[in-house]
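If you're wondering where the values come from, they're calculated on a predicted model, not measured in any experiment. Note that the numbering runs from 1 along the sequence shown for the chain.
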Amino acid sequence: MDPSLLPALLWFVRIAQLQSFTKVAKEFSITRAALSQNLKTLEQKLGVTLIYRTTRDMSLTEEGRLLFESLQPALGSIDHAVRNIGQINDEPTGLLRINTSRVVAKYLLEPHLAEFLNRYPKLKIELIIDDGLANIIADGCDAGIRLGESLAEHVVAIPITPMLEMAVVGSPQYFETYGTPQQPSELIHHNCLGFRNATSHSLYAWEFTDPKGGDFEVQPNGKLITNDDEGMIRAAVNHIGLIQHIDFAVRAHIESGALVRVLDDWCPPFTGFFLYVPSRENMPAKTRILIDFLKEKRELW
């Protein structure tokens, strides 16, 4: 179908519905002459007369009636589809695709999913677990969650956690056997377990800040490397060695006494996790309510 015919077909249907050039011209704030010219051009392209018209009256020709009866239900379906899109922007419905890392999924999202889905029963959620920094637009995701320091400047990012800290932890039994490090330089004498990023395949370097000023890294050189952060935590609980992880991931183990935190002074707070989206413009309701929900949970930290 020739797309250039669409505007003239729409005008034709409206004229046929109202049985008046004058009423349609007034409704859409165009001149009667422009409306008449649109119809004339359509008739020339189709090679038929659609409307008999005089200065006082008008009526559909046989061809015009057949065309009108065919177009009216089709245009009604288009109008319905457009209205539904508008409703989607006002009501949270459909599939919400979130790209995030495993640690965020487990500690920040999964504990609250039941409440979120009960609150918005017309929503479905798909979690795309990716420890790398994903291109959420290319991947067709509605939102992503990553550390603020890893985000590009151009993205729209909303903080969903307070400041966080990296925590160096080990089991009480480990420290009884091997002693407690007082500064990062002493980690060379300890079994520091390594975490390999499943996406980049790089080995995570432990990050520290000297209390006197200056950031630096320590490369772990332990007897175990894993790409599973939960497996790394279990290894520490089982006295195998020391790990460095985000504080909220090991908080429960510290509170229970299964792990003990060390080198606190060398691990100052840093900017936490952000939810990022492609744009603020025409943001779907499902994305807006996710942002509001996570902000609400942020207050519980």
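- Between the side chain of N227 and the main chain of R196, no donor-acceptor pair closer than 3.5 Å is present.
- Under the 4.5 Å side-chain criterion, counting only non-hydrogen atoms from C-beta, E115 is in contact with F293.
- The backbone N or O of T180 sits less than 3.5 Å from a side-chain atom of Q182, completing a donor-acceptor pair.
- What you find for S171 and A236 is that their closest heavy atoms are CB-O, 3.5 Å.
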Test log, rule side-chain contact (heavy atoms from CB on, under 4.5 Å), inputs D247 and I254: CA-CA 9 Å; D247 54 1; I254 295 174; over 6 Å; no
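- T271 is not listed as a side-chain neighbour of L147, based on a closest heavy-atom distance of 4.5 Å or more.
- With ring centers used as reference points, H190 lies under 6.0 Å from Y174.
- In terms of modelled atom types and a separation under 3.5 Å, the side chain of H239 and the main chain of V237 share a donor-acceptor contact.
- Y52 OH: 12 or fewer foreign heavy atoms inside a 6.0 Å radius.
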side-chain contact (heavy atoms from CB on, under 4.5 Å) between W11 and L39, worked out: CA-CA 7 Å; W11 292 126; L39 181 63; over 6 Å; no
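- In this structure, the side chains of Y120 and L96 stay at 4.5 Å or more apart for every pair of heavy atoms.
- Put simply, CD on E63 and CG on L50 are 8.0 Å apart, with the number rounded to the nearest 0.5 Å.
- Residues P111 and A105 approach most closely at CD-O, 4.4 Å, considering heavy atoms.
- Of the possible polar contacts, none joining the D142 side chain to the T287 backbone as a donor-acceptor pair under 3.5 Å is found.
- Residues C192 and L187 share a closest heavy-atom pair of SG-O, 3.6 Å.
- Around atom CD1 of I188, no more than 12 heavy atoms belonging to other residues, nucleotides or ligands sit under 6.0 Å away.
- In this structure, the side chains of V103 and L108 stay at 4.5 Å or more apart for every pair of heavy atoms.
- Pairing each heavy atom of P184 with each of L263, the nearest pair is N-CD2, 4.1 Å.
- L224 and L203 fall into different hydrophobic clusters, defined by Ile, Leu, Val, Met, Phe, Trp and Tyr side-chain heavy atoms under 4.5 Å apart, directly or through other members.
- With sequence neighbours excluded, no residue forms a side chain to side chain donor-acceptor pair (under 3.5 Å) with Q44.
- F68 contributes atom CZ, which lies 11.5 Å from atom CD1 of I15 (distance to the nearest 0.5 angstrom).
- Under 4.0 Å is where a charged nitrogen must lie from a carboxylate oxygen, and between R102 and E230 no such pair does.
- Taking each heavy atom of E217 and A205 in turn, the nearest pair found is OE1-CB, 3.5 Å.
- Contact annotation: the side chain of F274 never approaches that of I158 to less than 4.5 Å [non-hydrogen atoms, C-beta and beyond].
- In this structure, the ring of Y107 has its center less than 6.0 angstrom from the ring center of F248.
- Side chain of R261 to backbone of V169: no donor-acceptor contact under 3.5 angstrom is found.
- Remark: L67 CG to L46 CG distance equals 7.0 Å, nearest 0.5 Å.
- Of the charged side-chain nitrogens involved, at least one lies within less than 4.0 Å of a carboxylate oxygen, so that R65 and E62 count as a salt-bridged pair.
- Connection of F195 to I129 is established within a shared hydrophobic cluster, with ILVMFWY side chains joined at heavy-atom distances below 4.5 Å, either directly or through further cluster members.
- A salt bridge links E296 with R119: at least one charged nitrogen is closer than 4.0 Å to a carboxylate oxygen.
- Salt-bridge check for K23 with E27: failed, with every basic side-chain N at 4.0 Å or more from each acidic carboxylate O.
- Looking at Q244, its side chain does come within 3.5 Å of a backbone N or O of E207 through a donor-acceptor pair.
- With respect to the salt-bridge test (charged N to carboxylate O, under 4.0 angstrom), the residues R234 and D228 qualify.
- With 3.5 Å as the limit, one finds a donor-acceptor pair spanning the side chains of D215 and T209.
- In the hydrophobic clustering of ILVMFWY residues, with side-chain heavy atoms under 4.5 Å counting as a link, I240 and I225 come out apart.
- Between T100 and L109, the closest side-chain pair of non-hydrogen atoms falls below 4.5 Å.
- Note: L242 CG to L259 CG = 10.0 Å, rounded to the nearest 0.5 Å.
- Counting non-hydrogen atoms of neighbouring residues, nucleotides and ligands closer than 6.0 angstrom, the CZ atom of F175 exceeds 12 such neighbours.
- Across every non-hydrogen atom of G194 and P220, the tightest pair is CA-CG, 4.1 Å.
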Steps toward side-chain contact (heavy atoms from CB on, under 4.5 Å) verdict (E43, V48): CA-CA 5 Å; E43 290 176 326; V48 296; 5.8 Å; no
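- In the displayed structure, N221 atom CG is contacted under 6.0 Å by at most 12 heavy atoms of other residues, nucleotides or ligands.
- The closest donor-acceptor contact from the side chain of K286 to the backbone of L95 lies under 3.5 Å.
- Remark: the backbone N or O of L66 is not paired with any side-chain donor or acceptor of E69 at under 3.5 angstrom.
- Side-chain contact check for D229 versus H245: some heavy-atom pair is nearer than 4.5 Å.
- For the atom pair CD1 (I243) and CH2 (W206), the distance works out to 7.5 Å, reported to the nearest 0.5 Å.
- Atoms CZ and CG, on R97 and L127 in that order, are 10.5 Å from each other to the nearest 0.5 Å.
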Test log, rule side-chain contact (heavy atoms from CB on, under 4.5 Å), inputs Y276 and R146: CA-CA 8 Å; Y276 66 105; R146 290 294 184 278; 3.8 Å; yes
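- The closest side-chain heavy-atom distance from K26 to T22 is not below 4.5 Å.
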